[in-house]
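Only one structure is covered here, and it is reproduced in the block below.
Values below: all heavy atoms of this structure, side chains included; hydrogens, waters and symmetry mates excluded. For reference, positions follow the sequence shown, starting with 1.
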Amino acid sequence: MIDEIKITVEAPTIEEALINASQQLKIPVDELKAKVLSEEREGFLGLFGSKKLKVEVTAEAKPDLFARGIDFVNTVLKLMDIKSEAILSEAEKNTLDIQGEDAADYVVGRYGDALKAMEYLVNLALRDPKAEPRIKIDSCGYKERRTKSLERLAEATARQAVKYGRPVRLEPMASWERWVIHTTLKSRDDVTTESVGEPPMRKVVIMPKYDPENTETAGPATMRIRSRRELNKNFRRTNRRHSSSR
């Protein structure tokens, strides 16, 4: 494992070398340092023409954790013969974004299972479980698409819970996925959410929250329960009348 990222860039000036390296590594220029390895001049006998520098650029501001995370993930991808690579995400903090030819087919997996596994491995291998920040893994915008899908799932499941008057359990999810469900339904006054179980089988339960006597908010199942209660009450009243008349 390495503690820093180093790449070699050829450019006419150090400034341009840093800019090129910044674009490749997705790291700001002011978080990089440069070392000139060699200098050449193009043209007749090297006396005339433009200058070309070979510069070693080192990422020193995202040290240790994220540099090692990138190296770890790329090593795993190479060993698996997956044509993709990890870079620091520009959009998401503390996130490594896996991009490349095989990213969409092999890196994400079913419901993001492969991403979850990679995220678990990189954090297990490189950091103290109590340390911060935790390295997150994404690929080709999967988490954004998954978030929108979870929001739709949350709303649909909430409607189902209210309609049938009973709790609905979702499939086991990662912590950030459960957070999306809780956040999506937080403002609703007809359901409540709760996480149950232990990782990796921890899941969200969506439960109806309303007054069963309120016919305007109660679903069909609750109305049937209410009807049965009314019938039982009437039956008991009738029995008491018959008993008192004897």
Side-chain angles (χ1 to χ4, degrees), residues 1-11 17-29 31-32 55-127 129 131-153 170-181 199-203:
M1 294 296 174
I2 59 175
D3 292 332
E4 57 188 5
I5 305 173
K6 292 184 179 181
I7 63 171
T8 301
V9 180
E10 293 185 351
L18 287 171
I19 292 173
N20 292 340
S22 173
Q23 293 172 346
Q24 291 183 48
L25 298 174
K26 307 298 181 184
I27 297 176
V29 171
E31 296 180 0
L32 303 174
V55 181
E56 180 184 77
V57 179
T58 305
E60 56 178 0
K62 294 284 183 187
D64 304 331
L65 185 62
F66 292 99
R68 288 160 52 213
I70 289 174
D71 183 59
F72 178 89
V73 173
N74 285 337
T75 299
V76 172
L77 294 173
K78 185 177 181 180
L79 290 172
M80 296 176 68
D81 197 27
I82 294 177
K83 297 180 178 63
S84 301
E85 65 175 353
I87 60 174
L88 278 172
S89 172
E90 292 182 317
E92 297 292 334
K93 186 178 180 181
N94 302 334
T95 299
L96 304 184
D97 191 13
I98 301 176
Q99 301 178 353
E101 182 179 336
D102 293 337
D105 294 329
Y106 301 109
V107 174
V108 174
R110 184 174 182 267
Y111 301 130
D113 287 346
L115 278 181
K116 294 174 190 176
M118 182 69 78
E119 187 172 293
Y120 175 78
L121 283 176
V122 71
N123 282 285
L124 183 67
L126 303 181
R127 61 188 292 279
E132 293 294 341
R134 179 179 175 83
I135 296 176
K136 295 180 285 187
I137 305 289
D138 196 5
S139 179
C140 303
Y142 166 78
K143 286 191 174 180
E144 182 179 355
R145 298 193 302 274
R146 176 64 170 159
T147 295
K148 293 178 181 178
S149 175
L150 289 170
E151 290 170 348
R152 293 192 295 268
L153 174 65
L170 300 177
E171 293 296 318
M173 295 179 181
S175 58
W176 74 269
E177 294 173 314
R178 298 195 304 272
W179 178 85
V180 172
I181 300 293
M201 300 306 293
R202 195 163 174 79
K203 61 187 69 176

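Atom CD1 in Ile70 sits 5.5 Å away from atom CG in Leu96 (nearest 0.5 Å). Atom CZ of Arg202 and atom CE of Met173 lie 13.0 Å apart (nearest 0.5 Å). Taking CG of Leu32 as the reference point, atom NZ of Lys6 lies at 13.5 Å (rounded to 0.5 Å). Taken from CZ in Phe66 to CG in Leu126, the straight-line distance is 11.0 Å, to the nearest 0.5 Å. With rounding to the nearest 0.5 angstrom, the CG atom of Leu88 is 9.5 Å from the CG atom of Asn94. In this structure, OH in Tyr142 is found 9.0 Å from OG1 in Thr147, a value given to the nearest 0.5 Å.
Residues satisfying the side-chain contact (heavy atoms from CB on, under 4.5 Å) test with Glu144, not counting sequence neighbours, are Lys148. Every side-chain contact (heavy atoms from CB on, under 4.5 Å) that Val107 has, sequence neighbours left out, goes to Leu77, Ile82, Ser84, Ile98, Ala103, Leu115, Ser139. In this structure, the side-chain contact (heavy atoms from CB on, under 4.5 Å) partners of Glu119, at least two apart in sequence or on a different chain, are Asn123, Arg134, Lys136, Ile137, Lys143. With sequence neighbours excluded, the residues forming a side-chain contact (heavy atoms from CB on, under 4.5 Å) with Asn20 are Val9, Ala11, Gln23, listed by chain and number. Listed by chain and residue number, Lys116, Arg146 satisfy the salt bridge (charged side-chain N to carboxylate O under 4.0 Å, His left out) test with Glu177 (two or more places apart in sequence, or in another chain). For Glu101, there are no salt bridge (charged side-chain N to carboxylate O under 4.0 Å, His left out) partners at least two apart in sequence or on another chain.
The number of heavy atoms from other shown groups lying within 6.0 Å of CD (Glu10) is above 12.
Of all the heavy atoms in Cys140 and Arg145, the pair that sits closest is O-NH1, 2.7 Å.
Checked by atom type and distance alone, the side chain of Asp97 never pairs as donor or acceptor with a backbone atom of Ser89 at under 3.5 Å.
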field: Chi angles and distances behind the side chain to side chain contact (heavy atoms under 4.5 Å, CB included) call for Leu170, Leu153
entry: CA-CA 9 Å; Leu170 300 177; Leu153 174 65; 4.3 Å; yes

